[in-house]
Amino acid sequence: MADIGDLVEADSALEQPSWTRAHASTLPASGAWRPSDPPGERQFLRTFVDRTFVLEGGGQLSDVTVAFETWGTLAPDGSNAILLCHALTGDAHAAGRAGPGQPTPGWWDGLIGPGRVLDTDRFFVVCANVLGGCQGTTGPASPRPDRLGVYGAGFPVVTVRDMVRTQARLADALGIGSWAAVVGGSMGGMQVLEWGIMFPERVRLLVPIATCAAATAQQIAYWSTGRRAIALDPAWHGGDYYDAAPGEGPHRGLAVARMISQITFRTDRVFTARFGRDEVEPLSGQFGMWDRFQVERYLEHHGDKLIRRFDANSYLLLTKAMDLHDISRGRGGLTAALGRIQAPVLAVGVSSDTLYPKYQSQELVRVLRSQGGAARYAEIDSPHGHDAFLLELEQVGRLLAGALEEGDSP
Ligand SMILES: CC(=O)SCCNC(=O)CCNC(=O)[C@H](O)C(C)(C)COP(=O)(O)OP(=O)(O)OC[C@H]1O[C@@H](n2cnc3c(N)ncnc32)[C@H](O)[C@@H]1OP(=O)(O)O
Ligand SMILES: N[C@@H](CCO)C(=O)O
């Protein structure tokens with residue numbers, strides 16, 4: 001445990017959801033980790049304090065903070081821990097706070113808690129904000145170790161493998177030798193696969209949802225268009241905008257990037273049912289260029305919402321990490337990479353996902369099984385598209401419950 005770095009308790013000065021306040025310059029150092037009170041409170045692990053963390057792409061970091069939340073109680077032998085890996089704009093807050101006060105909704109509320117699928121009377125559930133993110137874990141908006149400003153454009157490119165390596169340090173620090181399950185959707189599913197490949201002996205069940213073994217040309221096309229929108233915003237300033245006055249950051253570019261991605265998260269069918277050709281400003285016979293359809297206003301709303309809770313540089317980094325995701329890189333191909341996995345795999349696709357289409361999950365299972373791996377495909381039947389893993393919680397819960405019953409769990 002000596003080289004793990006300091007675990008620090010939740011600091012009320014950091015009590016905030018926003019990236020703008022996510023990085024206080026000092027974190028209180030403490031000795032050993034102890035559970036937060038109430039459960040669900042954000043906690044921080046400082047790691048790589050002692051040495052340089054060399055990233056897969058050659059960049060370097062030191063003194064990395066990992067923000068995480070936990071629910072439930074860790075068994076004395078550390079055997080009952082489940083790791084949840086979040087998607088692009090998610091964070092460590094997978095479930096609402098269980099203690100007093102107004103619970104803040106989490107992205108998988110309803111699945112986590114006493115008697116729920118991720119039963120906190122039985123499991124110790126952990127979720128950490130990813131490296132490069134903007135909700136407490138070190139990212140571009142974080143102060144540099146020398147305290148001479150924030151990283152900004154100087155933050156190195158990170159990969160999904162780098163994210164997983166920081167999570168492994170967290171597991172070490174918490175005393176978790178192997179996870180009962182590692183579960184996540186989209187970018188979270190990419191982390192799940194890398195966990196199975198990088199640390200095969202440290203996972204006992206893998207549940208990658210709505211994800212892929214390697215980004216396709218179309219996925220790269222979508223995400224890179226969003227990145228271009230951010231880079232074209234003059235307020236982006238090459239990534240160094242953190243001293244801009246409130247409201248003067250690259251929010252226009254980020255909003256457009258979100259509008260583009262929101263289209264890919266949903267479907268033609270649902271957009272047609274929800275918005276059809278309905279207009280916001282009724283067409284009067286004289287067509288105004290900026291008179292809007294309802295779907296335009298909806299996308300604008302989603303752009304506006306994201307800029308209030310997300311950092312443009314993190315959006316660039318994390319979408320790049322997804323595009324760089326390729327489990328076969330440096331491993332002698334897809335079959336060899338998947339051949340490293342020892343844990344049973346439940347790969348879940350979404351029937352209507354056009355961003356990470358279900359054939360990619362099916363292909364994972366086909367290759368795993370061709371090598372004798374214990375892999376199964378299951379499907380979320382939904383009209384909603386990619387976001388179904390966040391919207392169809394009843395189906396997700398049923399699939400997870402089945403996998404946890406069958407898998408190697410306590
Ligand atoms: C529970 C959480 O997600 S916590 C938030 C943290 N975020 C994350 O963790 C990332 C993952 N979460 C997400 O991506 C999303 O929150 C999801 C997928 C879970 C849910 O998506 P939603 O945004 O709720 O879905 P939906 O497509 O129904 O959009 C609803 C919003 O569009 C607005 N809207 C609907 N129609 C229109 C329209 N015609 N014009 C303008 N706005 C509209 C609604 O008023 C609503 O606004 P609100 O969210 O400010 O209340
Ligand atoms: N809508 C989700 C899914 C992305 O895969 C998010 O914003 O994180």
Side-chain angles (χ1 to χ4, degrees), residues 17-19 22 40 42 67 69 84-97 102-112 127-130 132-136 160 184-192 208-212 215 219 222-223 226 254-255 257-267 269-281 292-311 314-315 318-319 321-323 325 348-350 352-357 360 380 382-393 396:
S18 151
W19 63 268
R42 216 162 53 140
E69 293 191 27
L84 300 183
C85 303
H86 70 74
L88 172 62
T89 71
D91 53 34
H93 194 60
R97 193 171 296 179
Q102 192 64 27
T104 315
W107 51 269
W108 258 7
D109 259 341
L111 293 185
I112 303 161
C127 185
N129 186 212
V130 293
C134 52
Q135 299 294 350
V160 172
S186 196
M187 188 180 81
M190 298 173 194
Q191 295 159 56
V192 173
I209 308 173
T211 195
C212 63
Q219 286 151 5
Y222 286 140
W223 292 125
L254 178 59
R258 183 60 163 185
M259 291 168 75
I260 296 163
S261 65
Q262 189 69 20
I263 302 167
T264 71
F265 296 157
R266 303 302 171 89
T267 57
R269 181 172 154 198
V270 165
F271 275 3
T272 299
R274 282 178 86 167
F275 309 113
R277 295 185 47 77
D278 293 350
E279 301 137 12
V280 178
E281 295 88 6
R292 294 167 305 164
F293 291 96
Q294 285 291 350
V295 69
E296 290 180 71
R297 190 173 71 170
Y298 166 83
L299 293 176
E300 285 164 13
H301 179 76
H302 277 272
D304 276 358
K305 255 176 77 173
L306 189 76
I307 62 175
R308 287 165 220 290
R309 68 176 179 89
F310 215 76
D311 178 26
S314 281
Y315 196 93
L318 302 189
T319 59
M322 284 193 282
D323 286 352
H325 170 68
V348 180
V350 175
S352 55
D353 193 341
T354 52
L355 181 56
Y356 292 93
Q360 293 189 291
I380 299 169
S382 170
H384 290 293
H386 181 64
D387 266 348
F389 77 94
L390 294 161
L391 294 166
E392 305 277 11
L393 292 195
V396 173

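Treat the numbers as computed from the prediction; the structure is a model and nothing was measured. Worth knowing before you read on, the calculation uses all heavy atoms, side chains too, and leaves out hydrogens, waters and symmetry mates. Whatever order the structure lists them in is the order used to number ligands and atoms, beginning at 1.
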Any side-chain heavy atom of [X] sitting closer than 4.5 Å to one from [Y]?
X    : Y    : result
R269 : S352 : no
I260 : W223 : no
L318 : M187 : yes

Using only atom types and a distance under 3.5 Å, with no angle test, would you say the side chain of [X] pairs donor to acceptor with the backbone of [Y]?
X    : Y    : answer
R277 : Q294 : no
N129 : Q135 : yes
E69  : G96  : no
T267 : G385 : no

Once you restrict both partners to nitrogen or oxygen, which atoms of ligand 2 have a protein partner under 3.5 Å, and how far apart are they?
| unit_1 | atom_1 | unit_2 | atom_2 | d |
| --- | --- | --- | --- | --- |
| ligand 2 | 1 (N) | D387 | OD1 | 2.8 |
| ligand 2 | 5 (O) | S186 | OG | 2.7 |
| ligand 2 | 5 (O) | H386 | NE2 | 2.9 |
| ligand 2 | 7 (O) | T89 | OG1 | 2.7 |
| ligand 2 | 7 (O) | R258 | NH1 | 2.9 |
| ligand 2 | 7 (O) | R258 | NH2 | 3.2 |
| ligand 2 | 8 (O) | T89 | N | 3.0 |
| ligand 2 | 8 (O) | T89 | OG1 | 3.3 |

Legend entry - Contacts of type ring-ring contact (aromatic ring centres under 6.0 Å, His included), residue H302, not counting sequence neighbours: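 For H302 the ring-ring contact (aromatic ring centres under 6.0 Å, His included) partners, ignoring immediate neighbours, are Y298.
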Legend entry - Contact residues of ligand 1 (heavy atom under 4.0 Å), by chain and number: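 Lining ligand 1: T89, G90, G106, W107, R258, R266, R274, F275, Q294, R297, Y298, H301, H302, K305, R309, D387, L390, L391.
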Legend entry - Residues forming a side chain to side chain contact (heavy atoms under 4.5 Å, CB included) with A94, sequence neighbours excluded: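 With sequence neighbours excluded, A94 shows a side chain to side chain contact (heavy atoms under 4.5 Å, CB included) to W71, L84, W107, I112, C127, given in chain and number order.
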